[in-house]
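Have a look at the structure below, then the notes.
Remember, it's a predicted structure, so these values are computed and weren't measured experimentally. Here is the naming used below: chain letters follow the sequence lines, and residue numbers restart at 1 for every chain. Values below: every heavy atom of this structure, side chains too, minus hydrogens, waters and symmetry copies.
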2 protein chains.
Amino acid sequence: MAANSRFAVAVHALAVIAWHEDARHSSREIASSVATNPVVIRRLLAQLSRAGIVESAHGAKGGFRLARPAGKIRLYDVYAAVEEGGFFALPEKGNDQCPVSCRMKAILDGVFKRVESKVVPELKRATLADVVGQLPRPA
Amino acid sequence: MAANSRFAVAVHALAVIAWHEDARHSSREIASSVATNPVVIRRLLAQLSRAGIVESAHGAKGGFRLARPAGKIRLYDVYAAVEEGGFFALPEKGNDQCPVSCRMKAILDGVFKRVESKVVPELKRATLADVVGQLPRPA
DNA sequence: GCCATATGTAACCATTATAGTTCCCAATTA
DNA sequence: TAATTGGGAACTATAATGGTTACATATGGC
């Protein structure tokens, strides 16, 4: 698995937590649902914790829970917490002697910014509650 | 350079060609502007050739040119030709015994589709001519 | 025909990001 | 004290991308 599934796994993990919003959930339990290693989950949730999306507790009866209600957690918050750059990458090099190359960075930057201006509102509209609402009720 | 700059490099390469739309351009010339290896350019342009965006010619006086006017080449066509999957990746695994995990793929798929439905029209609106229009006139 | 030039492509190496794993420490609860 | 749990370091594995070399093939001019 080299593909970038960080956002998908983060949403999945949060959905597991939000499904029983009151209880704490261990990284082992979450990893079991995602089918990965508990350390991978802890690493990812550490980022969400720094972003103020989840809270963690050490020790027995410890684990993770949401830092605020699922309806107040936008998918954009999750995306911003776990994904570094934008959706595209700009090449870092270029021939400064070439009049085309000299302008390309600014031109591509404009294109990418216009695309992101469409994506971000979409990710801000959807919340974790919308995701959990599509799950069956807990038994 | 492990980041995914294929789309950016493809647009850059096409801009070099479209700047002098009448002449043919060698991979060496284009690579010089992008500051990379000619083989990298040929690999990328081979994809654009298969997509009917550029035409190539072997031999002396050979090289690449646009297969149709720059105004008819949408950035979406370029994106579709050089980028494989969507903007996000779905995790391939999951615990089939978990009621949350069982639904996550379909739920995430819905989220991603909604985002792409905003991105695609934006990339279909912009053409290579819009990019070239932001370049200085050829000397 | 010969040769310079150019694409097409295979093969290989380097770099980087992500994922996976093991291990130990710190904190908490019973 | 013992069991449980997150935090994090350190390491390996895998895969995608980019970079490079090499060679076959095609073209145009002499």
> How close or far is atom P of dA16(D) from atom CG of L44(B), stated in whole angstroms?
Replying inline: 17 Å
>> For Y79(B) and F7(B), take the angle between the two ring planes, folded into 0 to 90°, and tell me which bin it lands in: parallel under 30, tilted 30 to 60, perpendicular over 60.
In response: perpendicular
> When the distance from CZ of R43(A) to P of dA17(C) is rounded to whole Å, what number comes out?
Replying inline: 14 Å
>> From CG of N37(B) over to C1' of dT21(D), roughly how many Å is that when rounded to an integer?
In response: 9 Å
> Considering only heavy atoms, which members of residues 49-66 of chain B lie under 4.0 Å from some atom of DNA chain D?
Replying inline: H58(B), G59(B), A60(B)
>> Quick check on the helix from dG1(C)-dC30(D) to dA30(C)-dT1(D): what's the angle between its two end axes, five base pairs per end, to the nearest 10°?
In response: 10°
>> What is the distance, to the nearest angstrom, from the CG atom on L48(B) to the P atom on dG8(C)?
In response: 11 Å
> Any donor and acceptor pair, going by atom type alone, linking the side chain of S26(B) with main-chain N or O of E29(B) inside 3.5 Å?
Replying inline: yes
>> Just the rounded figure in Å: distance from C1' of dG6(D) to NE2 of H25(A).
In response: 15 Å
>> If I take atom CZ in residue R42(A) and atom P in nucleotide dC23(C), what distance separates them, rounded to the nearest angstrom?
In response: 14 Å
> Rounding to a whole Å, what distance do you find between R28(A):CZ and dA3(D):P?
Replying inline: 15 Å
>> Closer than 4.0 angstrom, basic N to acidic O: yes or no for E116(B) and K113(B)?
In response: no
> Between R24(B) (CZ) and dA26(D) (P), how many Å, whole number?
Replying inline: 16 Å
> Between dG19(D), dG6(D), dG20(C), which nucleotide has the shortest distance from any of its atoms to the side chain of T36(B)?
Replying inline: dG19(D)
